[in-house]
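Encoded as structure tokens, the structure appears first; notes follow it.
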There are 2 protein chains.
Amino acid sequence: MARTVTEKADILPLLAEVFREHGYEGASLSLISQATGLGKGSLYHFFPKGKEEMMTAVLASIDHWFETEIFQPLLTSAAPAAAIEAMFVAVRVYFASGQRVCLVGLLGLSDSRDRFAEAIRDYFARWVQALTTALQRTHQTEQAAREQAEQIVAGIQGAIVLARALGRPDVFDRVLDEMKGRQPGKSGG
Amino acid sequence: MARTVTEKADILPLLAEVFREHGYEGASLSLISQATGLGKGSLYHFFPKGKEEMMTAVLASIDHWFETEIFQPLLTSAAPAAAIEAMFVAVRVYFASGQRVCLVGLLGLSDSRDRFAEAIRDYFARWVQALTTALQRTHQTEQAAREQAEQIVAGIQGAIVLARALGRPDVFDRVLDEMKGRQPGKSGG
DNA sequence: TTAAGAGTTTACCTATCAGTACAAAGTGCG
DNA sequence: CGCACTTTGTACTGATAGGTAAACTCTTAA
């Protein structure tokens, strides 16, 4: 019965993976229970408000990861071009070259969009804003930087969709490389 | 009361819309029944194999639309640059500037991916191939054309994700315009 | 007039859904 | 050891899921 002193933080990655693979509605409590190794009793002990609270916690942890690993470097790095380069590398690893879905993007397309609309909007708005700031600091006008930032964030999301649909990680890598090559200081603008 | 001689073709657009809004798993039979105005009995009369057959039929109709409206013009038009331009226009209308989800892309990200994997892969493979052919005919090498085709198809899918997440159709339009402007014969490459 | 088939309604099936209740079994502290 | 508290297993709820079966109502045409 009660054995391990499970920590909420330990099961968040497992929860995230279930939601990524099955979506919000598709991730049934029995699937979640199976993936985390926790019974319903434990799950409702940690998340009294049920599935919605689980998803909220997962979104918060994803948000935190991107904030520290991607957004802050873009916003504050002394070398914005290098921060952008690092973002491409981090994104490729994080999304496993498109074999791992972006949960926030998926959620935005799905049925349950309205329930988490604010978190979804914030995630993308802050990503675009951080990238805009970095691009602007590589000698671009605010408008050009914003357009390019939208282009890149959309390109990453689309690369996930396309690479997954085709079952070809190399497509993801190629799309990202092409966008990276279009950056100032690289081949051509 | 059997009254209206309902045609399968008449309800396909309604079916497609339900699947677009709720996904495959999220589109329950009662939702489908409500959206189409047909009871379960009628639905199983037209689609004996149930939901899966409904989705298959919807995917086939989507496929047919893209084949005639997008792929064939790209492959056979005497003016490939104009066909590409027409594709951007058609896509903007079809996806309502990102307010209307791409069902095939959504399906590729979702749980039910495996069930329709072949149709999903074909849709995107043929889109990329058609666009590659058109780009190649605008004086590009095969490799450059294919890379750019992947870039554009991914960009369109990503623009849907981003514009929907932000709730801003203008983002969709801007991302597409930027890609259109990068075409040969336009501003700059 | 009537029989066949298309189209439809209704009732029902089993499985599973999210969520609840609660007692049993663990833990740390004294 | 004994007590308070945390964690977990199990059994349950009512609702809904996808799907089936059969009775019923039209239309058509011989």
Side-chain angles (χ1 to χ4, degrees), chain A residues 1-59 103 106-107 110-116 119, chain B residues 1-59 61 103 106-107 110-116:
Chain A
M1 312 298 165
R3 266 230 344 276
T4 53
V5 182
T6 314
E7 300 241 3
K8 210 165 153 178
D10 292 339
I11 62 175
L12 276 181
L14 300 168
L15 264 181
E17 219 49 41
V18 184
F19 282 128
R20 240 187 282 272
E21 282 167 29
H22 303 280
Y24 179 69
E25 318 243 312
S28 68
L29 282 191
S30 66
L31 268 177
I32 293 172
S33 179
Q34 187 183 325
T36 57
L38 272 71
K40 277 192 194 181
S42 302
L43 288 170
Y44 274 85
H45 172 72
F46 288 114
F47 307 97
K49 279 184 279 184
K51 247 173 88 170
E52 184 156 344
E53 189 176 352
M54 297 180 207
M55 179 58 99
T56 304
V58 165
L59 288 178
L103 180 55
L106 171 59
L107 220 55
S110 85
D111 204 3
S112 353
R113 187 178 84 117
D114 296 345
R115 217 189 283 233
F116 309 101
Chain B
M1 330 224 165
R3 270 239 333 284
T4 54
V5 183
T6 314
E7 300 240 4
K8 211 164 152 177
D10 292 339
I11 62 175
L12 274 181
L14 299 169
L15 264 183
E17 220 49 41
V18 184
F19 282 128
R20 240 186 283 270
E21 281 166 30
H22 302 279
Y24 179 69
E25 318 243 313
S28 69
L29 283 190
S30 65
L31 268 175
I32 293 172
S33 179
Q34 187 183 326
T36 57
L38 272 68
K40 278 192 196 181
S42 301
L43 289 170
Y44 274 84
H45 172 73
F46 288 113
F47 307 97
K49 279 183 280 183
K51 249 174 88 170
E52 185 157 343
E53 189 175 351
M54 297 180 206
M55 179 58 99
T56 304
V58 165
L59 287 178
S61 83
L103 179 56
L106 171 60
L107 220 53
S110 84
D111 203 6
S112 354
R113 186 178 85 118
D114 296 346
R115 218 189 284 232
F116 309 103

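All chains are named by letter (A, B, ...) in the order of the sequence lines, taking the proteins before the strands, and each is independently numbered beginning at 1.
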Atom-pair distance ([atom1] on [X]; [atom2] on [N]), nearest Å:
X: B/Tyr44; N: D/dG19; atom1: OH; atom2: C1'; value: 5 Å
X: B/Leu43; N: C/dT9; atom1: CG; atom2: P; value: 10 Å
X: A/Leu29; N: C/dA18; atom1: CG; atom2: P; value: 4 Å
X: A/Met54; N: C/dA18; atom1: CE; atom2: P; value: 9 Å
X: B/Glu25; N: D/dG18; atom1: CD; atom2: P; value: 9 Å
X: B/Phe47; N: C/dG7; atom1: CZ; atom2: C1'; value: 14 Å
X: A/Asp111; N: D/dA17; atom1: CG; atom2: C1'; value: 15 Å
X: B/Phe46; N: C/dG5; atom1: CZ; atom2: C1'; value: 13 Å

Worksheet item: Does D/dT8 have OP1 or OP2 sitting under 4.0 Å from an N or O in the side chain of A/His45?
Response: no

Worksheet item: Below 4.0 angstrom from OP1 or OP2 of C/dC17, is there any side-chain N or O of A/Ser30?
Response: yes

Are the side chains of [X] and [Y] in touch, meaning some heavy atoms are under 4.5 Å apart?
X: B/Ile32; Y: B/Phe47; answer: no
X: B/Leu15; Y: B/Phe46; answer: no
X: B/Met55; Y: B/Leu103; answer: yes

Item to complete: Remember a base hit wins even if backbone is also touched, and classify B/Gly41 as base, sugar-phosphate or nothing at under 4.0 Å, heavy atoms.
Response: base

Discussion item. Within the 4.0 Å heavy-atom criterion, would you say B/Ser42 contacts the bases, only the backbone, or no part of the nucleic acid?
Written reply: base

Fill in: Donor-acceptor pair under 3.5 Å, A/Lys40 side chain vs D/dG9 base
no

Practice prompt. Using the six-membered ring wherever Trp is involved, compare the ring planes of B/Phe19 and B/Tyr24 and label them parallel, tilted or perpendicular (cut-offs 30° and 60°).
Written response: parallel

